[in-house]
Structures are given as C-alpha cells and as structure tokens.
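We count ligands from 1, going down the list as the structure has it; atoms in each ligand are counted the same way.
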Amino acid sequence: MKVFHTIKEVVQWRTQEIDRRGKTIGFVPTMGCLHNGHATLIRQSVQENDFTAVSIFVNPSQFAPDEDLDQYPRTLPEDTKLLESLNVDILFAPNAKEMYPQGIPLDVSSQRGPFVNVLGVSEMLEGKTRPNFFRGVTTVVTKLFNIIMPDNSYFGQKDIQQFIVLNVMVNELFINTKLTMVPIVRADSGLALSSRNKYLSPKYLDISANIYKGLSDAQKSIEYSRVEAQQSIDRETLLKKIETVWEPYIITGDFRIDYISIADFNTLNELDEVNPTDKIVISCAVNVFDRNTNNTVRLIDNIVM
Ligand code: AMP
C-alpha cells in the first residue's frame, strides 16, 4: 500500500503510475480510528474495484468550535496496518493545510475559500443540532472526489442523512462517481460501531446498546402491522415503543434525546403514520452521559425498512 500525504502524489499515482483504462477506482473516505464498520466498506470496495483508495482526514470544517475536533481519536499507525491487511492500494492522509490552502478556522464567519452547501435536506435532523456539519462534509467530500476521481464511492448507512445529502450533491453537481450505501455494522450488543464509542466506559457501552433496542422495538411493531395486520401504524405508538426502552436511562440522566425521527426514506419528511408499503427510516441522536468518564457522547443510529 502506498501512503500519500499530498494531493500531488495522489494525482501522479492516478495519472501516471496506474493504467486506468477499463479499470475502476473505489474510494472510502474516513476520519480514521478504523473499526469493523470501516473495514466492511473497504472490503466491498476492494471486491468491486481494481484499485481502492482510502482517505483518513479529521475534517475541521465539520466540527463546531464547541465540538471534539482536538479529542477526536487519531490512530494512524494501527489504521495503516489494518488497511495493508485489507489490500488497499493507497491511503491518502493529508493535513489540514493541504485540504484548505487558506486555513480552516472553526468559526464559520472567519472562513475563506470555496464551500459546498446542499440546501434543504442538510438543514433537517442532524443539521438542526449541527448547523454547519453537512457543509463541512459536502465540502471535504467534493475536494476528495476531485483529487481521487473515484468511479465508485462507499459510505455507511450509519450516517444515513450524510448518504442522502451526498446523493443529492453528486446528482445535482453532476459529479461522476457512483455512491453505494453499506449496511450498519454493530457490536454483538447491537450498538452501532463508531469511532466515538472510544469515549465510553464498558458500563456505558452496555447502556448505549439500548439505543438500538428501542429502535428495534419500533421496527418489530412496524413489521407486525405490515405483515400480520396489513395496516398502517401511527407515529405516537412507535415513539412510545422507543421511549419505553429508553425511559430508565432518561430518568437517570444517562440519555438525553436530541431527536427521534420516523421519516420517509427519500425526503426525510416526518410521517404521522407508517403505511405498509412506505420505505422509511427510523433514526435518532442521543447524548449519552458517562458518569465514569464524565464524557457526553452524541450517538446516532437508524433502521431502514
Ligand atoms: P467516519 O470515519 O466516522 O467519518 O466514517 C467513515 C465512513 O464509515 C462513513 O461513510 C460512515 O458512515 C461509515 N461507518 C462508520 N461507522 C459505521 C458502521 N458501524 N457501519 C457501517 N458504516 C460505518
């Protein structure tokens, strides 16, 4: 595997070192601290493409000034070993100056240079709590697409709204790459794997598994209404299912709910009821307060059905 830190090296690899004729490049952008979720995306890319490029870049522009940019776990030596073992062709790990030649202060009003914004869908759900988050994601992913020029790009369902936003971006900026969404990889407990799980003590990792359990109970109710009863089910019933599982942790202050969404898969518009044929996504963001470490960790999860 080649490890590149500069754009020049990547462009040289793509234009001079490999023969691209009739061959495909798959691309997996990440922020590092790689786990089995990332590995699943990478395996799919390696399987489906002649070459696979992975980027590791903790992108400042998607962090608000009060978020965890400095604390975000960075494990480049371990990540590099894992990528070698997965037969990745290139790792691109630039620094912030390489990606943002004019610098990238976290305060948006002092930022200079080009930014990409997908209005509408990036203002909902995650975008409400984190107003400049998707602007950061769409900007850095556009830059990475321009550098790597991948035929196929792989993103996780874990960040479902990110996938939907990027899909709009690729379609409407006419970017020539095919996006693939890879299902969520979970721990045995059901907890969705995330680099931010590193902030949680074992006890709170167990407690956090109830996030998925709540969503699963709503899923079971929808499945029942679809298959057995063949009728719609209303939003309030589903919210109650989720909150019943979460209630003990809400009462103690371990969970603070940011949002629960039961929405149309394509538009993310909230639904008052779920009909048997609707394609929907149940998603949530929960702030978990870990009394052992005093960390508050914002976890997201979702189920598509
Ligand atoms: P990140 O490093 O957190 O920016 O994630 C990089 C990519 O890996 C994104 O497309 C994520 O959606 C995806 N990803 C992260 N966690 C998981 C997971 N548990 N299952 C599937 N994909 C994931």
For residues 175-183, tabulate all N or O donor-acceptor pairs below 3.5 Å that involve a side-chain atom, not counting sequence neighbours.
| residue | atom | partner | partner atom | Å |
| --- | --- | --- | --- | --- |
| Thr177 | OG1 | Pro150 | O | 2.9 |
| Thr177 | OG1 | Asp151 | O | 3.4 |
| Thr177 | OG1 | Ser153 | OG | 2.9 |

Quick one: look up the protein heavy atom nearest atom 20 (N) of ligand 1 and list residue, atom name and how far away it is.
-> Val185 N, 2.9 Å
Ile184 to ligand 1, any heavy atom closer than 4.0 Å = yes
Can Asp206 and Lys203 be counted as an ion pair, charged N to O under 4.0 angstrom?
-> no
Look at the side chain of Gln62 and the backbone N and O of Arg135, then say whether any donor-acceptor pair between them is shorter than 3.5 Å.
-> no
Apply salt bridge (Lys or Arg N to Asp or Glu O under 4.0 Å) to Glu9 and Lys2, showing your working.
-> CA-CA 10 Å; Glu9 289 168 305; Lys2 299 199 156 131; over 6 Å; no
Shortest protein heavy-atom distance from atom 8 (O) of ligand 1, along with the residue and atom involved | His38 CD2, 3.5 Å
Show which atoms of ligand 1 fall inside a sub-4.0 Å distance from at least one heavy-atom site of Met31.
-> 1 (P), 2 (O), 4 (O)
Looking at Phe155, which atoms of ligand 1 are within less than 4.0 Å of one of its heavy atoms?
-> 10 (O)
Between Val28 and ligand 1, find which residue part has any heavy-atom pair under 4.0 Å and reply side chain, backbone, both or neither.
-> neither
May I ask whether Pro183 has any heavy atom positioned less than 4.0 angstrom from an atom of ligand 1?
-> yes
Scanning both residues in full, the closest heavy-atom pair of Ala218 with Leu238 reads O-CD2, 3.6 Å
Ion pair check, Arg291 and Asp254, cut-off under 4.0 Å | yes
Which of the atoms in ligand 1, numbered in the order shown and given with their element, are less than 4.0 Å from a heavy-atom of Asp159?
-> 11 (C), 12 (O)
What's the shortest distance from atom 23 (C) of ligand 1 to any protein heavy atom, and which residue and atom give it?
-> Lys158 CB, 3.9 Å
Here the pair of heavy atoms bringing Val46 nearest to Asn87 is CG2-O, 4.1 Å
For ligand 1, which atoms, with element, lie under 4.0 Å from some heavy atom of Gly156?
-> 9 (C), 10 (O), 11 (C), 12 (O), 13 (C), 22 (N)
Atoms of ligand 1 under 4.0 Å from any heavy atom of Thr30, numbered from 1 in the order shown, are 2 (O), 6 (C)
Check residues 297-305 and write down every donor-acceptor pair under 3.5 Å in which the side-chain atom is one partner and the other belongs to a residue at least two apart or another chain.
| residue | atom | partner | partner atom | Å |
| --- | --- | --- | --- | --- |
| Arg298 | NE | Asp258 | OD2 | 3.2 |
| Arg298 | NH1 | Glu126 | OE1 | 2.8 |
| Arg298 | NH2 | Glu126 | OE1 | 3.4 |
| Arg298 | NH2 | Glu126 | OE2 | 3.1 |
| Arg298 | NH2 | Asp258 | OD2 | 3.0 |
| Asp301 | OD1 | Arg186 | NH1 | 3.3 |
| Asp301 | OD1 | Arg186 | NH2 | 3.0 |
| Asp301 | OD2 | Arg186 | NH1 | 2.9 |
| Asn302 | OD1 | Gln157 | NE2 | 2.8 |
| Asn302 | ND2 | Gln157 | O | 2.9 |
| Asn302 | ND2 | Lys158 | O | 3.4 |

Below 4.0 angstrom from a heavy atom of Pro29, which ligand 1 atoms are there? Numbered from 1 as shown, please.
-> 6 (C), 7 (C)
Quick one: which ligand 1 atoms are inside 4.0 Å of a heavy atom on Leu193?
-> 16 (N), 17 (C), 18 (C), 19 (N)
Phe255 vs Tyr249 aromatic rings, parallel, tilted or perpendicular, using cut-offs 30° and 60°?
-> tilted
For ligand 1, which atoms sit closer than 4.0 Å to a heavy atom of His35?
-> 15 (C), 16 (N), 17 (C)
